[in-house]
Amino acid sequence: MQIQNAYLTHNRPRTIRKQTTAIAVHWVANPGSSAMANRNYFNSTSRSVSSNYIVGLQGEVICCIPDEEMSWCTNAANSYTVSIETCHPDWTGAFGSKTYASLVELTAQLCRKYGLHPQHGGVIRHYDVTGKVCPKWFVPASKGGSDTADGAHWQQFLRDVANAMGNGNAAASAPAAAAPAAGYRVKVTADALHIRSGNGTSYPVVGCIRDKGVYTIVETKGDWGRLKSGAGWICLRYCRKV
Ligand SMILES: [Zn+2]
């Protein structure tokens, strides 16, 4: 995967993020458009829109804004996410194989750089932040997207990113298995538990735990525990100690 830097001179706020707790994935919602065409749109439109990266139809990757800096892509999550826009050939939103391969590789590279776990809230959809159908291929059909009811495309993508990081299946249990002395373990009891960037509901949602799995908490503040994976904080009222 080659990354071409074509930095924006417009719609680039030049703000260094204080924290990066997730990678946010998008689709461009403009079938057949190229990565460079989307980059040029960001650089000229009067709308305040931009993205850190765009993955193109041939698998090419353009960096529009260095990933340490904020982009205007994911609404309330801009301050804590790196954004990736993804090109697609048609309105189903399905990604071509070259595009998909680069998207997986880029996401894995960024997860490694920022110490994020794709299957524990480290990779999110625009949909997770605002409910927008974005990226369409990763949003269930019942919500207007092209994914299955149980999110098969999205779950496969998260697995593919984990595998690309070299974590594979072991990654799913890594937070619980690693160094229990550094924290304590809890089992999530809720069907869907939000991960937030801080210890309270006033902090933005950065992910969601849906596997009722066992997670390691390394810091506790009131009802809230910080995940060892670095994904963020969860409310311990929806967990039990194991
Ligand atoms: Zn989006």
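Keep in mind it's a predicted model, so treat the numbers as computed, not measured. One-based numbering, in listed order, for ligands and for the atoms of each.
- Side-chain atoms of Ser83 do not come within 3.5 Å of backbone N or O of Ser51 as any donor-acceptor pair.
- Taking the Zn ion (ligand 1) as reference, the nearest N/O/S atom within His26 carries the name ND1.
- No donor-acceptor contact under 3.5 angstrom links the side chains of Tyr41 and Asn30, judged on distance only.
- In this structure, the side chain of Asn38 does not engage the main chain of Ile54 through any donor-acceptor pair within 3.5 Å.
- When distances from the Zn ion (ligand 1) to the N, O or S atoms of His126 are compared, ND1 comes out shortest.
- Residue Cys73 does not count as close to the Zn ion (ligand 1), with no N, O or S atom under 2.8 Å.
- Donor-acceptor pairing under 3.5 Å is lacking for the side chains of Arg112 and Gln109.
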